[in-house]
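The analysis underlying the following values was restricted to heavy atoms, covering all of them including side chains, and did not include hydrogens, waters or symmetry mates. First the proteins, then the strands, lettered A, B, ... as listed; each starts at 1.
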Number of protein chains: 4
Amino acid sequence: MGNPRDECPGRGQDRSASGPREDNTASVSDRLMSAATRLFAERGYERTSVREIVQAAGVTKGAMYHYFASKDDLLFAVYERVLAMQMRRLEEFASDEGPIAERLREAAADVVRTTVENLEDTVIFQRSLHMLSPERQNEVRKERRSYHERFREMIEEGQHSGVFRTDIPADIVVTQYFGAVHHLGMWYRPDGELSGAAVGDHFAHLLLNGLRP
Amino acid sequence: MGNPRDECPGRGQDRSASGPREDNTASVSDRLMSAATRLFAERGYERTSVREIVQAAGVTKGAMYHYFASKDDLLFAVYERVLAMQMRRLEEFASDEGPIAERLREAAADVVRTTVENLEDTVIFQRSLHMLSPERQNEVRKERRSYHERFREMIEEGQHSGVFRTDIPADIVVTQYFGAVHHLGMWYRPDGELSGAAVGDHFAHLLLNGLRP
Amino acid sequence: MGNPRDECPGRGQDRSASGPREDNTASVSDRLMSAATRLFAERGYERTSVREIVQAAGVTKGAMYHYFASKDDLLFAVYERVLAMQMRRLEEFASDEGPIAERLREAAADVVRTTVENLEDTVIFQRSLHMLSPERQNEVRKERRSYHERFREMIEEGQHSGVFRTDIPADIVVTQYFGAVHHLGMWYRPDGELSGAAVGDHFAHLLLNGLRP
Amino acid sequence: MGNPRDECPGRGQDRSASGPREDNTASVSDRLMSAATRLFAERGYERTSVREIVQAAGVTKGAMYHYFASKDDLLFAVYERVLAMQMRRLEEFASDEGPIAERLREAAADVVRTTVENLEDTVIFQRSLHMLSPERQNEVRKERRSYHERFREMIEEGQHSGVFRTDIPADIVVTQYFGAVHHLGMWYRPDGELSGAAVGDHFAHLLLNGLRP
DNA sequence: GATGAATGAGGTTTCATTCAT
DNA sequence: AATGAATGAAACCTCATTCAT
């Protein structure tokens, strides 16, 4: 931009002369993670080059490889951040007081709200899992599974106490619900007519209805 | 030495000496489409090189570029085939006779069965949309939308006739349901304990329950 | 050279504008092999970049990777050419008529002459074996061993027939002799005062003397 | 995340958490030299990164650059150590009492034994000379030459006194012999059936035989 | 003496595509 | 209709070294 040399890889500074988009006061690795998150969501992991990431983060390639072993490693770091955040939120709702139906409704609505608020993460999550190494895919799946299980426990609690119907396996309910949630990244647009909270309420409503005996 | 290295994978002759995996009697473009479908589902669009596709299909690169303008074009062809097939199935169920609740239940269960039977297509569908050119993404989205609309009409029909509740927008119901369906590719394993039909029944059951007034 | 862009990798043509040094009528892979041989001998395998090789050969990087799977592969091709040539020469002398002492003397002198005439190959041979993959190192060592064995047979023939002394294992004699031969690349200079033939005569003389009973 | 990735090999801390292989009580520069010697011999100078060396030595990069100006400098230090040691050994034998044939025989056998005992040094010596700067290559060659000359003097002494034949230039004899010695690193294996002393005896025997008038 | 984050240049390789035959 | 050699751009990553602390 403004300089024909910008596109010549390996020539001169890695850091583009024209200002990077990420906050220069944040730590190098934070800047990298947020630049990567934005770009991965925007055009996909493979379509995003390391050069673009470091340019957007305003750091050099060398610096990036100082903090992350590979591009793959950076993607994994994004996954871990999202997973940790989601688990934290779920725990809060799940451990609340109150009747199980209410706790489930609120957790279900919240997971939609959170997803919508972090839509970029969700898009990446769905689209790029297969770009991780098999080992890391497994790691992500494992964490994801334990997340689902926390949710399933709530449903089973309701089934045991008789407020939820029992003729549908809790597992199926969970995967169905999270399928819908993960899919939000494919169609939800923040500038559309429905707020995240509204979608969350509807989704939760539908879920609870479905579980009525 | 002195000649293209025949023994080196993918160098020299495109066509591998050891037999390719696709049926040699099928037409060249069919062989390409099925090799591409398999590989795209297996390792993703971007991780699959044109060389691998033509090798698996047992044709040469030149032949591929004779039938498809580009790699992108091949992906689009896969999308079109899937979309056409899904629309055809839905039409069949939607235009059946019988009470709307039954027609919806059967269509909903069928879409799961079909999805499970063509899991590779589903995986690609979800994962690789962003690799198409923006124009083609729009084209796919448009076809997809009209598919959803056909489904939505059934729900609205039930709402108008009073068999489904009306406090949840039909749109939301549709996206929630298809979100779950598309997500099947991420977790369903044909060798697991649940058959596609069983999952379809549960999903449809849950959907219908949720719609009860 | 003459153009500041020459050093900007990945920009414009791979093929340098300034004329390449290799004969433009030879086949691409021959041009690559001779450019590589010269450069590997001059500055070593690792100090030679693929860019330099293709530039010297007057071809593009892509073309090189069309014929050779990797830089390593190119080095291996050089090894194979040298090994084949040496074996051919040795066979000629070994299968001659005449008394064994004479046949050995001539083969021994010839191997020096040939080595000196292909000093670049020898330098590479000695210096860069460890840059091949372990499998290929083994392949080279195996061929090399069978070469040595052919030579050893001649010595044993002389030992059995009583013209050579038997108190030194033929193996030791061979490794000692070839050690000296391989080492030529480290000190022999074509513009020095000794011709290759002269060195060969001396070496052979010393060898035969050492074997006198 | 957010910090240099400690768990990633070579990223973050240079010093590996799991113990390095070199003796922790030795001086920093000794540890570096012995780690470097081992690694250079194992995989070659160019395949060995500074990171690997400091990791193996259990020190940080900064520390290395405190003691050695560059990687090249470290290699040169290895060369100097070897050269000094070899010269010291040769002097001992050359200045012994006794008939020249005996002194030569013992020196010749000893140089083989020493070489075999320090095989790593020999491997590096042969393989990596071309990685030094031209000035340092010359320095090494000069020292090496003076070493050869000390050896040659012994041969000439024997030629003048009539115990060695004179129809082969002493120079040729020396280069032939040391060629064989340097080559030991390419084939000698400590776990083979021949001891270093045995090889030394055979080599010396062959040399002396060759020199008989 | 010692650290380790950061640099910046360069490395090898891959790949979709073209085109003369 | 089909070939396969050749292209050229860009990709990811490594590495010796420096320097503020």
Side-chain angles (χ1 to χ4, degrees), chain A residues 7-15 27-29 46-54 59-73, chain B residues 3-4 10-15 28 46-54 59-74, chain C residues 7-15 27-29 46-54 59-74, chain D residues 3-4 10-15 28 46 48-54 59-74:
Chain A
E7 288 164 54
C8 175
R11 198 31 120 82
Q13 321 266 75
D14 284 326
R15 190 173 350 203
S27 86
V28 169
S29 77
E46 315 257 2
R47 286 269 162 103
T48 306
S49 72
V50 168
R51 186 173 57 73
E52 289 167 323
I53 297 169
V54 299
V59 304
T60 60
K61 254 187 242 184
M64 190 208 114
Y65 280 98
H66 185 70
Y67 288 97
F68 299 95
S70 61
K71 192 184 162 187
D72 178 285
D73 201 41
Chain B
N3 279 324
R11 308 238 156 256
Q13 324 271 48
D14 284 326
R15 192 173 344 211
V28 169
E46 4 241 340
R47 286 270 163 101
T48 307
S49 72
V50 168
R51 183 169 62 67
E52 286 168 323
I53 297 168
V54 299
V59 305
T60 60
K61 264 187 220 177
M64 190 207 111
Y65 278 96
H66 184 73
Y67 288 100
F68 298 94
S70 62
K71 190 184 166 190
D72 177 285
D73 201 43
L74 185 48
Chain C
E7 290 164 53
C8 176
R11 206 14 127 86
Q13 319 269 77
D14 284 327
R15 191 175 348 208
S27 86
V28 169
S29 78
E46 313 259 1
R47 287 270 163 103
T48 306
S49 73
V50 169
R51 185 173 57 75
E52 288 167 325
I53 297 169
V54 299
V59 304
T60 60
K61 259 187 239 186
M64 189 207 113
Y65 280 96
H66 185 69
Y67 287 98
F68 299 94
S70 62
K71 191 183 164 190
D72 177 286
D73 201 42
L74 184 48
Chain D
N3 279 323
R11 307 235 156 258
Q13 324 269 49
D14 286 326
R15 192 175 342 210
V28 169
E46 5 240 339
T48 306
S49 71
V50 169
R51 184 169 60 67
E52 288 167 323
I53 297 169
V54 299
V59 304
T60 60
K61 263 189 221 177
M64 191 208 110
Y65 279 96
H66 185 73
Y67 289 99
F68 298 94
S70 63
K71 191 184 165 190
D72 178 286
D73 201 42
L74 185 48

For B/Tyr65, the side-chain contact (heavy atoms from CB on, under 4.5 Å) test, sequence neighbours excluded, returns B/Val50
ask   = Below 4.0 angstrom from OP1 or OP2 of E/dG4, is there any side-chain N or O of D/Thr60?
value = no
In DNA chain E, stems of three or more consecutive pairs, Watson-Crick or G-U, each with both distances under 3.5 Å, turn out to be E:2-21 with F:2-21
Of all heavy-atom pairs linking A/Arg51 and A/Val54, the shortest is O-CG2, 3.2 Å
- Using atom C1' of each nucleotide, how far apart are F/dT21 and E/dG1 to the nearest Å? 13 Å
Protein heavy-atom contacts under 4.0 Å, written 5' to 3' over nucleotides 16-21 of chain F as B (base), S (sugar-phosphate only) or - (none), form the string SBB---
* Asked: What does B/Tyr67 touch in the nucleic acid at a heavy-atom separation under 4.0 angstrom: a base, only the sugar-phosphate, or nothing?
  -> sugar-phosphate
Those residues at least two apart in sequence (or on a different chain) that pass side-chain contact (heavy atoms from CB on, under 4.5 Å) with D/Glu46 are C/Glu46, D/His130, D/Met131
Interatomic distance, CD1@C/Ile53 vs OG@C/Ser49, rounded to 0.5 Å, equals 7.0 Å
Nearest-nucleotide check on DNA chain E, C/Arg47 vs A/Val28; residue mapping nearer the 5' end is A/Val28
Taken to the nearest whole Å, CZ/A/Phe68 to C1'/E/dA5 is 14 Å
What one should report as the nearest heavy-atom pair of D/Asp73 and D/Phe68 is OD2-CA, 3.7 Å
Worksheet item: Counting only side-chain N and O atoms of A/His66, is one of them less than 4.0 Å from OP1 or OP2 of E/dA6?
Response: no
Validation row: D/Met64, D/Leu74 side chains within 4.5 angstrom (heavy atoms) = yes
